[in-house]
There are 2 protein chains.
Amino acid sequence: MSKSNNVYKDAYNRGLRLLGETKSLPSEPELGALLGVSRTTIRTILARMEETGLIAWNKRSKTVLRAPRLDDFFPEEETDTLSQIIERSFMRRLLAGGAEAGMQINELELAREIGVGTTSVREFLIRFSRFGLIEKRRNSHWVLKGFTRAFALELTEIREMFELRSAAAFAALPEDSPVWADLDLLEDEHRLLAREIAARFNEFSELDERFHRLIHRASHNRFIVDFYDVIAMIFHYHYQWNKAQERERNEVAVAEHLAYIAALKSRDLGKVDAACRGHLKSARNTLLTSIPDRAALPQP
Amino acid sequence: MSKSNNVYKDAYNRGLRLLGETKSLPSEPELGALLGVSRTTIRTILARMEETGLIAWNKRSKTVLRAPRLDDFFPEEETDTLSQIIERSFMRRLLAGGAEAGMQINELELAREIGVGTTSVREFLIRFSRFGLIEKRRNSHWVLKGFTRAFALELTEIREMFELRSAAAFAALPEDSPVWADLDLLEDEHRLLAREIAARFNEFSELDERFHRLIHRASHNRFIVDFYDVIAMIFHYHYQWNKAQERERNEVAVAEHLAYIAALKSRDLGKVDAACRGHLKSARNTLLTSIPDRAALPQP
DNA sequence: AAAATGTTTTTTCACGATAAAAGACATTAT
DNA sequence: ATAATGTCTTTTATCGTGAAAAAACATTTT
């Protein structure tokens, strides 16, 4: 097996959802744009849809014959990218404990355990290295630096520097910039979530990311924007791992976001600075309390 | 051919230099530590040294028989890492012009042109992507973002943020910190270079990097320290590319460094800030003047 | 007993090969 | 003429493989 067809399977699943909405499907290039894949993949999808009796396909005409059933969909786990699979496995190991700082990481062992080739693991580790949690010894193994207190502090230090600057840039944006409309939409979503926080508190994580990414984009600096990948990654797994007081934490955070948004809209740099600092401080504390306070091992 | 033995060749060349200094070589583990390679490689080296009559090798005794000749050394180009070779080729293409923003980068083509496997090129591009000059389209090609004015400005913005903070941290370091001794040594090197600037101006680049890395290390933040890799990389190729007024530029920079060092030693945060800002401003201008002022293509 | 050498095993690095997916070109339909 | 479909080519993603290099284990020397 050399390459899984997860792109096809994922696009196929998303394609099935289109069937409920129309009587006939659009042209191949249009479908390609819609699903974000090439025509080659679209044609493979259409061929299968015809085979399973979902559509009648003859050149331009692609008539929907029936609505998709549950068993028409490919299983979720077959639509994942290899790198997603590797990332999940790796992070599970990392967070499942026993991942002491200084520990060696073995490409071959990881690859065998996950059941993939070494090349994919290597590429994953190289990409992952920019998160500052692992480090390569030339011609030798990778070293785990550990998800330590020091790491969290270094991460949040940069985050605060970048976000304060981005927030200031945001507030200085002209009246007619489209970001203000985006901000209004996000504000509405926050209010809605605040009202139903008891039931929907676990939807905050996704909203949080969209909100902060909007602000960082105002910096117009690719290094700042890209750095949010590091933060998002860490917070993503941190949220999955640490569910303690999740509801309360998120409720507080939503309120802080609303204050932050109000400050941005006021365009008062002093208020923006204060609201941003306040929110980032509690984000940092949340992260810190979830990290066990054992001393980091000395680095060789 | 699956893997070149450049590690061995490079270590062998460095090992030859040891021969001039002693009558007999130390133990295998000691040699390994000295040259930064494993015992396996050391034994391959010793085997060849015996073969070419450089030493007599019997278990613990490794007697030097003759001094190495020029033709004992492996050619320089055979000691390069594959990733160094790829990086050089890639940067040459990038800087040789015709590298417009938005241009596609083709792994296969690059690999063929350089004469290496695609895996190595892929891994290089992944590592290189953190410099912010290229970007990947999923399941498709890489896109060149271009060495533009915008890039230089974004880079220097972060640099200034990080270095101002590091410099302040540096100045606040306690009297007994070993960095002050390092700084004194660097100061001496600067003075020496300043005196002989006419002949040695091209040695500045290396000194520059060591100086700034020392300062950044005071931040004790891995993201700040690692970011200097991006700066070093850009300045390295920029210096190679743009030799205009090199002597004058470096002469100015050495003077600025000396002022910067004096400010640090004064521990006066105001002075440090001013000296740091001054130097970074002229570094930015140097970089900017070397970039043609054509408008960046609109990003899709 | 500690450290070196000798030997064997494991891991990393890099390649070519192959299926999936994208992209280019040719042909046909509106 | 433009846009779609049909067909063919190229590129990307991933694996297995093998040599280089590291690491582990066994044996000898001081």
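Note that the coordinates shown come from a computational prediction; the quantities given were computed from them, not determined experimentally. Labels below follow one simple rule: chain letters A, B, ... track the order of the sequence lines, proteins then strands, and each chain is numbered from 1.
For the ring-ring contact (aromatic ring centres under 6.0 Å, His included) test, no residue two or more places apart in sequence or in another chain qualifies with B:His141. In this structure B:Phe90 satisfies the ring-ring contact (aromatic ring centres under 6.0 Å, His included) test together with B:Phe124, B:Phe128, sequence neighbours excluded. In this structure A:His212 satisfies the ring-ring contact (aromatic ring centres under 6.0 Å, His included) test together with A:His257, A:His279, sequence neighbours excluded. With sequence neighbours left out, the salt bridge (charged side-chain N to carboxylate O under 4.0 Å, His left out) criterion links A:Arg217 to no other residue. Looking at residues two or more places apart in sequence or on another chain, you find a side chain to side chain contact (heavy atoms under 4.5 Å, CB included) between B:Asp10 and B:Arg14, B:Thr79. Not counting sequence neighbours, A:Glu77 has no partner by the side chain to side chain donor-acceptor pair (under 3.5 Å) test.
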Sequence neighbours left out, cut at 3.5 Å: what donor-acceptor pairs do the side chains of residues 30-39 of chain A make with other protein atoms?
residue: A:Ser38; atom: OG; partner: A:Thr40; partner atom: N; Å: 3.4
residue: A:Arg39; atom: NE; partner: A:Glu28; partner atom: OE1; Å: 2.9
residue: A:Arg39; atom: NH2; partner: A:Glu28; partner atom: OE1; Å: 3.1

Report, one line per pair, each donor and acceptor closer than 3.5 Å where one atom sits in a side chain of residues 15-25 of chain A; sequence neighbours left out.
none

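Inter-axis angle, ends of the helix from C:dA1-D:dT30 to C:dT30-D:dA1, five pairs per end, rounded to 10 degrees: 30°.
Applying the 4.0 Å criterion to OP1 and OP2 of C:dT10, one finds that A:His141 has every side-chain N and O outside that range. Contact annotation: A:Thr44 side-chain N/O to C:dA21 OP1/OP2 distance is not under 4.0 Å.
Both A:Glu107 and B:Val116 sit near DNA chain C, but only A:Glu107 has its closest nucleotide nearer the 5' end. DNA chain D is contacted by both B:Asn139 and A:Asn139; B:Asn139 maps to the nucleotide lying nearer its 5′ end (nearest heavy atom per residue). Sequence order on DNA chain D of the closest nucleotides to B:Ser140 and B:Asn5 puts B:Ser140 first from the 5' end.
For the pair A:Ile42 CD1 and C:dA20 C1', the computed distance is 15 Å after rounding to whole Å. One atom, CG of B:Asn6, and another, C1' of D:dA21, lie 11 Å apart when rounded to the nearest Å. Rounding to whole angstrom units, CG of residue A:Asp80 and P of D:dT14 are separated by 12 Å. For A:Leu35 and C:dA21, the CG to P distance is 13 Å, given to the nearest whole Å. Rounding to whole angstrom units, CD of residue A:Glu113 and P of C:dT10 are separated by 17 Å. For the pair B:Gln84 CD and C:dA14 P, the interatomic distance rounds to 11 Å; values are reported in whole Å. Atom CZ of B:Arg138 and atom P of C:dA20 are 17 Å apart (whole Å). The interatomic distance linking B:Leu108 (CG) with C:dA17 (P) rounds to 13 Å, in whole Å.
Distances were taken from every side-chain heavy atom of A:Ser2 (C-beta onward) to each of C:dT12, C:dA22, D:dT14; the shortest belongs to D:dT14. Nearest to the side-chain atoms of B:Asn106 among the listed nucleotides C:dA22, D:dA19, D:dT11 stands D:dT11. Listed nucleotides D:dA19, C:dA22, D:dA23 differ in distance to B:Lys3; the shortest reach to its side chain belongs to D:dA19.
Backbone-only contact: A:Lys136 has heavy atoms under 4.0 Å from sugar-phosphate atoms and none from a base. Using a 4.0 Å heavy-atom cutoff across all strands shown, A:Thr40 reaches at least one base atom of the nucleic acid.
Residue pairs meeting the side-chain hydrogen bond (donor to acceptor under 3.5 Å, both in side chains) criterion with at least one partner in residues 59-68 of chain A, sequence neighbours excluded, are A:Arg66-A:Asp72.
Summarising the geometry of A:Val225 relative to A:Ser219, their closest heavy-atom pair is CG2-OG, 4.2 Å, with the distance given to 0.1 Å. Nearest heavy atoms, B:Phe151 versus A:Arg222: CD1-NH1, 3.4 Å. Of all heavy-atom pairs spanning B:Arg122 and B:Glu107, the tightest one is CG-OE1, 2.9 Å.
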Quick one: which protein N/O atoms are closer than 3.5 Å to N/O atoms of nucleotides 4-6 of chain D? Pair and distance per line, please.
residue: D:dT5; atom: OP1; partner: A:Lys62; partner atom: NZ; Å: 2.7
residue: D:dT5; atom: OP2; partner: A:Glu28; partner atom: N; Å: 2.9
residue: D:dG6; atom: OP2; partner: A:Arg43; partner atom: NH2; Å: 2.4
residue: D:dG6; atom: O5'; partner: A:Arg43; partner atom: NH2; Å: 3.4
residue: D:dG6; atom: N7; partner: A:Arg39; partner atom: NH2; Å: 2.6
residue: D:dG6; atom: O6; partner: A:Arg39; partner atom: NH1; Å: 2.9

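Listed in residue order, the members of residues 117-124 of chain A having a heavy atom less than 4.0 Å from DNA chain D are A:Gly117, A:Thr119, A:Ser120.
Taking 4.5 Å as the limit, every side-chain heavy atom of A:Met49 sits out of range of all side-chain heavy atoms of A:Trp57.
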